[in-house]
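Below: one structure, written as structure tokens.
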Amino acid sequence: MNKNSCCALLLLLLAPLQSMQAQSDTTLIRSHFRQILQTPGFRHHANPAALNQVADYVHATFRRHTERVERQVYQVDGQSYQNVICSFGPQEAPRLIIGAHYDVCGEQAGADDNASGTVGLLELARLLQGQSLPFRIDLVAYTLEEPPHFRSEDMGSHVHAKSLVDQKVLVLGMLSLEMLGYFKDEKKTQDYPVAPLKLFYGSRGNYITLVRKPGNGSFPRRFTRLYKKNALVRTKSIAAPAFIPGIDFSDHLNYWKYNMPALMLTDTAFLRNKNYHEKTDTLETLDLPRMALALDGVLKTVLALAAEK
């Protein structure tokens, strides 16, 4: 057998292994969206039945991929709300937290904000099943991120972050998945909180963004470096103070509050998606193939972090 034939045979043998590599499935992603978006009424703070239906769906989906699933129930104004948490990797190891909120602001579907982040958690649970990890990963679906509870101690992410501090858990870092599905290739589809940023980042809303603040430890820098190295979708990043509008507009702000290293993965929300907090924030407006690639980037980065340990 000549050299070319040997190479061809080797590639043929490796092909099945390559095809077995975990990657996001847009069919499953669409199915998860439909389940989350079909609640009776809107999944906001005044409609706990809708929130509980989503929490039950998240819990059941997590259970398909790990037995380590729990509900973190807490009370606000006499009403029970819940975060849903699942875990992978060694039980007692330092933790990487990946979280997203499942509630919406007012009477709207909230496909991008933030069913997209919640669906991201469900896909990551599937992708992480069976992975060998040197640290523990907790996927956390939060409630009550939106007004009127935003920036209050009633936020599910605040409840979760405080519980980690109270339990003296060693946290490697936290990643917030906040609006992952809206992309536009046309010019003038991307806005910025500070106009000069357009000179550096361009006017097309066709990328995913990693958002961090300076002086928040090495994890956000490492995660950003590895994500950009392994990215399958156009990716940009920004490190800016929290007072810049949008920098702290999600659940990662509560981990910052407790001095944990944290960052956000986002399509930039209202700076691009004009359906933000509107009834027009529907599944039909989203780009699921690019969202899937963004999630694949998260998996690849997590596995790259694992390889560095």
Side-chain angles (χ1 to χ4, degrees), residues 28-64 69-86 98-123 125 139-163 176-182 249-254 264 266-267 269-270 273-286 291:
L28 289 176
I29 286 173
R30 187 177 298 277
S31 176
H32 289 319
F33 267 112
R34 287 175 174 162
Q35 290 295 321
I36 291 171
L37 298 177
Q38 68 174 11
T39 57
F42 301 101
R43 58 188 195 281
H44 55 65
H45 72 103
N47 191 0
L51 292 175
N52 288 336
Q53 180 171 312
V54 174
D56 289 344
Y57 179 73
V58 170
H59 188 279
T61 305
F62 280 168
R63 282 295 302 269
R64 296 177 199 162
V69 184
E70 62 180 302
R71 301 176 193 260
Q72 185 176 45
V73 181
Y74 64 100
Q75 302 290 316
V76 177
D77 297 330
Q79 175 62 54
S80 294
Y81 298 93
Q82 58 184 301
N83 299 326
V84 185
I85 307 166
C86 73
I98 303 177
H101 71 92
Y102 61 87
D103 62 313
V104 300
C105 180
E107 296 188 349
Q108 47 109 5
D112 199 24
D113 185 19
N114 188 33
S116 64
T118 307
V119 169
L121 294 179
L122 301 180
E123 262 299 86
L139 304 181
V140 189
Y142 310 114
T143 190
L144 300 190
E145 189 268 0
E146 296 286 4
H149 299 289
F150 186 63
R151 297 196 186 281
S152 80
E153 294 186 357
D154 297 334
M155 291 177 68
S157 53
H158 179 271
V159 171
H160 182 257
K162 184 177 184 301
S163 73
S176 174
L177 305 180
E178 177 64 52
M179 303 181 64
L180 303 177
Y182 194 85
F249 281 14
S250 192
D251 293 294
H252 57 298
L253 72 88
N254 287 311
M264 171 174 60
T266 180
D267 61 20
F270 56 89
N273 190 346
K274 304 312 175 187
N275 303 305
Y276 176 80
H277 287 184
E278 299 289 343
K279 294 183 183 295
T280 50
D281 183 8
T282 61
L283 177 57
E284 292 71 27
T285 65
L286 304 187
M291 175 181 159

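All residue numbers in this chain count up from 1 along the given sequence.
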Hey, what's the ring geometry for Y81 with Y74, parallel, tilted or perpendicular (30° and 60° as the breaks)?
tilted

Parallel, tilted or perpendicular, as decided by the 30° and 60° cut-offs, for the rings of F270 and F249
tilted

Expected output: side-chain D281 to main-chain N275 donor-acceptor under 3.5 Å
no

Within-4.5 Å side-chain heavy-atom neighbours: V58 and L121
no

Checking side chain to side chain donor-acceptor pair (under 3.5 Å) between N83 and each of Q72, H160, E70, which is the one that passes?
Q72

Rounded to the nearest 0.5 Å, the CG atom of L286 sits from the CG atom of N273 at a distance of 7.5 Å

Just to verify, what does K274 make a salt bridge (charged side-chain N to carboxylate O under 4.0 Å, His left out) with, not counting sequence neighbours?
D191

Approximate separation, where rounding is to 0.5 Å, of E278 CD and C105 SG
9.5 Å

Considering all heavy atoms, the nearest M264-S250 contact
SD-CB, 3.7 Å

Regarding H101 and E178, do their side chains bring together a donor and an acceptor under 3.5 Å, going by distance alone?
yes

R43 side chain to A109 backbone, donor-acceptor under 3.5 Å:
yes

Grab the two heavy atoms, one from P48 and one from H45, that are nearest each other, plus how far apart they are.
CD-O, 4.1 Å

Correct closest heavy-atom pair for A269 and M179 would be CB-SD, 3.4 Å

What distance do L51 atom CG and S80 atom OG have between them, rounded to the nearest 0.5 Å?
12.0 Å

Any donor-acceptor pair under 3.5 Å from N47 side chain to F42 backbone:
yes

V119 vs M291 side-chain heavy atoms within contact, under 4.5 Å
yes

Should D112 and T285 count as side-chain neighbours, where that means a heavy-atom distance under 4.5 Å?
no

Between the main-chain N or O of M155 and the side-chain N or O of N254, is there a donor-acceptor pair closer than 3.5 Å?
no

Would you compute the distance between atom CG of L180 and atom OG1 of T266 and round it to the nearest 0.5 angstrom?
7.0 Å

C86 and V69: which non-hydrogen atoms are nearest, and at how many Å?
CB-CG2, 3.9 Å

Between V76 and H149, which heavy-atom pair has the shortest distance, and what is it?
CG1-CE1, 3.7 Å

Give a yes or no answer on whether the side chain of S31 reaches the backbone of L28 with a donor-acceptor pair at less than 3.5 Å.
no

Any non-hydrogen side-chain atom of L253 less than 4.5 Å from a side-chain atom of F150?
yes

Nearest 0.5 angstrom please: D103 CG to E145 CD, how far?
6.0 Å

Rounded distance (nearest 0.5 Å) linking atom CG of L144 with atom CG of D251
10.5 Å

Does the side chain of E146 pick up a donor-acceptor pair with the side chain of H277 at under 3.5 Å?
yes

For A55, enumerate each residue passing the side chain to side chain contact (heavy atoms under 4.5 Å, CB included) test, keeping only those at least two apart in sequence or located in another chain.
R71, Q82, V84, Y102

